[in-house]
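Quick notes on the structure that follows.
Naming: A, B, ... by sequence-line order, numbering from 1 per chain.
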Number of protein chains: 2
Amino acid sequence: MPPSTPADAVRASSPTKPTAGGEERFQRSDLAQEVAFLTARARGRGNALANRLLADLDLKVRPFSVLAMACSGTNPSQRELGSFLDLDPSQVVALVDMLETRGAIRREADPRDRRSKILVATEAGHELYAQAVQRTREAEEQTLHALSPAERDQLRELLSRIVF
Amino acid sequence: MPPSTPADAVRASSPTKPTAGGEERFQRSDLAQEVAFLTARARGRGNALANRLLADLDLKVRPFSVLAMACSGTNPSQRELGSFLDLDPSQVVALVDMLETRGAIRREADPRDRRSKILVATEAGHELYAQAVQRTREAEEQTLHALSPAERDQLRELLSRIVF
DNA sequence: TGCTAATATTGAGAAAGTCAATGATTTGTC
DNA sequence: GACAAATCATTGACTTTCTCAATATTAGCA
C-alpha cells in the first residue's frame, strides 16, 4: 500500500527534507506526551502497515485476529471472542460469517450451552494463519525496528499490564 | 457512561466472578503477545474511557486533539495537523469547522503561504482545553494505574521511539 | 413452572475513514 | 517573466466500521 496521504508521501520519500519545518516542532507539545496519543498513533500506523502486508492474502487485521483466536486451541465462543477483541456481537457474526464462507473457520456447538457457538479453525484456516503470521511478524519487526529485543519485551510487558 | 457492551458489564461488575472461565484463558495466545494487539486494545479502551470523561464537555478525543494542537502555541497549518494526527484533509476541515463554529479555535491566514490556514485557539478555546485536560489526565491516570511513575515514563519513551 | 438473563443474529442508523475532483496559490523550470 | 507541475483547503460521494435496539432460542433460578 502506498502512503495514505500526499503529505505522508512527501515525508516518506525524503526524510532529509523535513516537510516545511517537519513535525519535530510538535513533538514537544502536551499532546505528544500523552500515552493516549502515542498508542493511537502506534496502533494507527501499525494497523495500516499490517493491512498492507496482509493484502495479498485478502485479509485485514480484524479478520486475522479472529482467525488467530480460532487457531489458538482455546475454543472461544463468539461472545468470548467479542469481549477479548472489543467487538460488538454484531461485528463478530459478520467477521465469522466471512471467515466461515471462506472455509477458514467453523462454528461448532457448545456442549455446555446450546445458545453459544464455539469457533475452531479448519485445516485451510490453519494454513492461512501460518501465511498470515509471517506477514504480521514482518509488520511488527518494522514497527519496532527502533527498539532492542529487551526493549521490545519491556514494551510488551508494560502494555500487557495496562490492558489486562 | 455505562460499560459499552453487556459482556463488558458482566466483567466490570464482578471481577471476582470470572466470566464463565474469564479471559485469562486467552492471555497466553499468540495474538495476545503481539504488540499490535496490545496497542489496539490499549488505544480502544483508553479512547472509550477518555470519551466518557470528556462527554460532559461535549467533546471527544478527536476534537480534543485538534484543540490541543491549536492551544500548543505551535500554530500548525491544517495539513500539518492532519499529518501529525493521521487525519485525512477532509476530516480536518470537518473537525476544524466544528470547533470554529463552537468558538474554540480560529483559522488565520498564513503569512508565508496564502493557500494554507493556521489554527489558533481563542480565549474560550483555551478555557475549554483547560477543562478537557483535567479529564484526559484522569483518564490516563486510570489507564496507567497498574504502572509506577518510572514505568509510565518508560512506556512513554518506548512508544515515542516507535511512532516518531 | 414461570421469570430473568444471556447468546447469537438481524437490521437500522450514526460515525469514521477513503478517494477523486476543484479553485486558489506556490514552486520549479525554461 | 511565463508556463507547467505540485500543494493546500475544500467539497462531495462512497465504503467501512461502530453503535444500538429488537428478536428467537436457551440457561439459570426461585
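Closest to the A:Gln91 side chain, of the nucleotides D:dT10, C:dA16, D:dC18, is D:dC18. For A:Ser90, taking side-chain heavy atoms from C-beta onward, the closest of the listed nucleotides C:dG11, C:dT18, D:dA9 is C:dG11. Comparing C:dA8, D:dA9, C:dA15 by their closest approach to the side chain of B:Lys60 singles out C:dA15.
Among residues at least two apart or in separate chains, side-chain hydrogen bond (donor to acceptor under 3.5 Å, both in side chains) pairs with a member in residues 61-73 of chain B are B:Ser72-B:Thr74.
In this structure, the helix from C:dT1-D:dA30 to C:dC30-D:dG1 shows an angle of 40° between the axis at its start and the axis at its end, each fitted on 5 base pairs and rounded to 10°.
With sequence neighbours left out, A:Val163 forms a side-chain contact (heavy atoms from CB on, under 4.5 Å) with B:Leu38, B:Arg41, B:Ala42. Checked against salt bridge (Lys or Arg N to Asp or Glu O under 4.0 Å), A:Asp113 has the following partners two or more places apart in sequence or in another chain: A:Arg115. Scanning for side-chain contact (heavy atoms from CB on, under 4.5 Å) contacts around B:Ala121 gives B:Ala70, B:Cys71, B:His126, with sequence neighbours left out. Remark: A:Glu157 pairs with A:Arg161 by the salt bridge (Lys or Arg N to Asp or Glu O under 4.0 Å) rule, at least two apart or across chains. B:Arg106 pairs by the side-chain contact (heavy atoms from CB on, under 4.5 Å) definition with B:Glu108, B:Val120, B:Thr122, not counting sequence neighbours. Applying the salt bridge (Lys or Arg N to Asp or Glu O under 4.0 Å) test to B:Glu138 and every residue at least two apart in sequence or in another chain returns nothing.
With rounding to whole Å, A:Met98 atom CE is found 15 Å from D:dT15 atom P. Rounded to a whole Å, the CG atom of B:Asn51 is 19 Å from the P atom of C:dA14. For B:Asp97 and D:dA9, the CG to C1' distance is 10 Å, given to the nearest whole Å. One can place CG of A:Leu81 at 13 Å from C1' of C:dA8, the figure rounded to the nearest angstrom. Atom CG in B:Leu87 sits about 10 Å away from atom C1' in C:dG17, given to the nearest Å. The separation between A:Gln78 atom CD and C:dT10 atom C1' is 13 Å, rounded to whole Å. When the P atom of D:dA13 is taken as reference, atom CG of B:Asp88 falls 16 Å away, rounded to whole Å.
Under the 4.5 angstrom side-chain criterion for Ile, Leu, Val, Met, Phe, Trp and Tyr, the cluster partners of B:Leu53 are B:Leu49.
At a non-hydrogen distance threshold of 4.0 Å, B:Asp113, B:Arg114, B:Arg115 from residues 99-120 of chain B come into contact with DNA chain C. Taken residue by residue, residues 61-70 of chain B places heavy atoms nearer than 4.0 Å to DNA chain C at B:Arg62.
Put simply, the residue from B:Gln142, B:Glu140, B:Glu141 that forms a side chain to side chain contact (heavy atoms under 4.5 Å, CB included) with B:Leu144 is B:Glu140.
The side-chain heavy atoms of A:Phe64 and A:Arg135, taken from C-beta on, include no pair separated by under 4.5 Å.
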Donor-acceptor contacts under 3.5 Å from residues 91-100 of chain B side chains, at least two apart:
from     : atom 1 : to       : atom 2 : distance (Å)
B:Gln91  : OE1    : B:Asp88  : N      : 3.0
B:Asp97  : OD1    : B:Arg107 : NH2    : 2.0
B:Glu100 : OE1    : B:Arg107 : NE     : 3.0
B:Glu100 : OE2    : B:Arg107 : N      : 3.1

